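Heads up, the thing below is written out as structure tokens.
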Amino acid sequence: MTERTLTIIKPDATERNLSARILSMIESAGLKLVSVKSMKISKKEAEEFYYVHKGKPFFESLTQYMSSGKIVVAVFEGEDAISKVRKIMGATDPKKAEDGTIRKLYGIDIEKNSIHGSDSRESAEFEVSFFFSKKELI
Ligand code: IDP
Ligand code: MG
């Protein structure tokens with residue numbers, strides 16, 4: 001089934017000039033880049049985006065970090081795009097991520113793990129529309 005998924009290249013990765021390399025890894029897996037842009041979000045916007053994690057011990061630090069520098073947000077499309085991107089990303093903790101995954105290659109620690117990817121159809125829908133308007137999603 002063709003799906004769309006939202007990815008975010010996190011501040012630790014944009015800072016080290018890894019954005020194009022990471023987008024390229026996802027494109028190379030056969031997924032189509034639908035839309036991409038860079039921005040800096042506020043703490044409040046990061047809290048809204050990560051609302052499912054509200055109340056968790058890492059919520060404060062995560063939303064601080066995600067609003068601390070430039071991010072690149074991108075929508076990819078393809079067959080099983082959500083799970084494909086999750087696989088290319090690797091486990092949340094770079095130490096536990098498989099060889100060759102983005103987080104294994106570039107992640108710094110469990111928080112500064114270089115990339116976000118939607119984890120379900122429902123979250124993908126919320127996350128894509130959080131960052132992109134209809135006319136950007138051609
Ligand atoms: P995911 O990004 O692999 O889906 P989630 O559990 O949804 O992982 O967590 C969202 C983000 O919160 C992670 O990517 C990471 O940046 C941060 N995070 C998750 N667990 C921890 C933790 O135990 N300590 C610090 N940060 C965490
Ligand atoms: Mg998640």
Side-chain angles (χ1 to χ4, degrees):
M1 183 90 175
T2 301
E3 294 172 338
R4 283 182 173 185
T5 187
L6 188 275
T7 62
I8 306 177
I9 300 169
K10 296 185 177 182
D12 69 90
T14 62
E15 214 210 352
R16 288 175 290 149
N17 299 347
L18 294 169
S19 305
R21 212 175 301 187
I22 291 172
L23 293 172
S24 173
M25 285 176 74
I26 302 171
E27 270 195 323
S28 300
L31 295 170
K32 189 172 173 58
L33 181 58
V34 176
S35 207
V36 60
K37 58 190 174 185
S38 64
M39 64 176 69
K40 191 167 187 283
I41 57 172
S42 67
K43 173 81 161 54
K44 189 169 169 287
E45 287 167 326
E47 289 170 3
E48 284 165 9
F49 179 78
Y50 277 116
Y51 78 98
V52 291
H53 295 302
K54 197 169 160 60
K56 292 188 186 163
F58 59 82
F59 183 73
E60 193 54 31
S61 176
L62 171 65
T63 52
Q64 192 72 50
Y65 159 59
M66 289 300 288
S67 56
S68 70
K70 187 171 85 172
I71 59 171
V72 172
V73 293
V75 178
F76 282 93
E77 182 179 86
E79 189 73 15
D80 300 322
I82 296 167
S83 63
K84 271 187 188 151
V85 167
R86 295 287 300 187
K87 195 160 168 46
I88 301 163
M89 281 165 51
T92 308
D93 184 350
K95 291 200 294 284
K96 296 179 184 156
E98 273 183 52
D99 283 351
T101 61
I102 294 164
R103 284 168 165 172
K104 178 72 167 199
L105 284 167
Y106 304 124
I108 292 170
D109 57 36
I110 194 168
E111 178 181 79
K112 295 174 179 58
N113 57 8
S114 304
I115 183 165
H116 167 86
S118 307
D119 67 0
S120 68
R121 289 272 177 93
E122 294 67 33
S123 62
E125 202 170 309
F126 166 75
E127 292 176 357
V128 167
S129 60
F130 188 90
F131 285 110
F132 291 91
S133 67
K134 213 170 175 183
K135 65 180 173 188
E136 290 174 306
L137 297 168
I138 31 112

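Residue numbers start at 1 and run along the sequence shown. Note that ligands are numbered from 1 as they come in the structure, with each ligand's atoms numbered from 1 the same way. Side chains included, hydrogens not; waters and symmetry mates left out as well; all remaining heavy atoms used. No experiment lies behind these values; they were computed from the predicted model shown.
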No-hydrogen, no-angle side-chain donor-acceptor test under 3.5 Å, Glu136 and Ser35: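 Side-chain D/A pair, Glu136 to Ser35: absent.
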Checking Thr101 against Glu98: is there a side-chain donor and acceptor pair closer than 3.5 Å? no
Do the ring planes of Tyr50 and His116 sit parallel (below 30°), tilted (30 to 60°) or perpendicular (above 60°)? perpendicular
Glu47 with Lys43: basic N within carboxylate O range, under 4.0 Å: yes
Is Glu79 paired with Lys32 through a side-chain N to carboxylate O contact shorter than 4.0 Å?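 Salt bridge: no.
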Just distance, no hydrogens or angles: give the donor-acceptor pairs under 3.5 Å from side chains in residues 85-94, sequence neighbours left out.
unit_1, atom_1, unit_2, atom_2, d
Arg86, NH1, Gly117, O, 3.0
Asp93, OD1, Lys95, N, 3.0

Near ligand 1, at a heavy-atom separation below 4.0 Å: residues by chain and residue number: Lys10, His53, Phe58, Leu62, Arg86, Thr92, Arg103, Ile110, Glu111, Asn113
